[in-house]
Amino acid sequence: QMKSVVLAIESFRMCGQIATSRGHLEQAATAFRKALEAAEQNTDAARSSSAPEAARQLAALCRKHGMQAQADSLEQ
């Protein structure tokens, strides 16, 4: 199960990156959130994935749209 969780995290994060690069920010935020939700299901998998990068990218989107408190909570 750990491998499938890591795969889900990586897939959602990559989707978020692609959506961001194409200007689809709402879809990007959704994908990053899904990556983080998958990471919460299995903390061991999260440690060996790019979940922290998904959190940083989601935090950057939050900051860009004036949601400082949400961005700060993602970076803790």
Asker: Under 3.5 Å, is there a donor-acceptor pair between the side chain of E10 and the main chain of S50?
Answerer: yes
Asker: Can you tell me which residue pairs pass the side-chain hydrogen bond (donor to acceptor under 3.5 Å, both in side chains) test with a partner in residues 39-49, sequence neighbours excluded?
Answerer: D44-R47
Asker: Can you list, by chain and residue number, the hydrophobic cluster partners of M14 when the side-chain cut-off is 4.5 Å?
Answerer: none
Asker: I need the E37 CD to F12 CZ distance, nearest 0.5 Å.
Answerer: 8.5 Å
Asker: Kindly work out whether a path of hydrophobic side-chain contacts (I/L/V/M/F/W/Y, heavy atoms less than 4.5 Å apart) joins L36 to V6.
Answerer: no
Asker: What pairs with T20 under side chain to side chain donor-acceptor pair (under 3.5 Å), at least two apart in sequence or on another chain?
Answerer: none
Asker: Side-chain donor-acceptor pairs under 3.5 Å in residues 66-74, sequence neighbours left out?
Answerer:
unit_1: Q68; atom_1: NE2; unit_2: D72; atom_2: OD1; d: 3.0
unit_1: D72; atom_1: OD1; unit_2: R63; atom_2: NH2; d: 2.9
unit_1: S73; atom_1: OG; unit_2: Q70; atom_2: O; d: 2.8

Asker: Listed by chain and number, what are the side chain to side chain contact (heavy atoms under 4.5 Å, CB included) partners of A39, not counting sequence neighbours?
Answerer: I9, A46, A51
Asker: Consider only side-chain heavy atoms of I, L, V, M, F, W and Y, link residues closer than 4.5 Å, and tell whether F32 and L7 are in one cluster.
Answerer: no
Asker: Considering residues at least two apart in sequence or located in another chain, which fulfil the salt bridge (charged side-chain N to carboxylate O under 4.0 Å, His left out) criterion with E53?
Answerer: R56
Asker: Where is the tightest heavy-atom contact between A31 and G16, given as atom of each residue plus distance?
Answerer: CB-N, 3.5 Å
Asker: Taking only residues two or more places apart in sequence, or in another chain, which ones meet S11 in a side chain to side chain donor-acceptor pair (under 3.5 Å)?
Answerer: none
Asker: According to the salt bridge (Lys or Arg N to Asp or Glu O under 4.0 Å) rule, which pairs have a member within residues 18-30, sequence neighbours left out?
Answerer: none
Asker: Mind listing the closest non-hydrogen atom pair of V5 and A45 along with its distance?
Answerer: CG1-CB, 3.7 Å
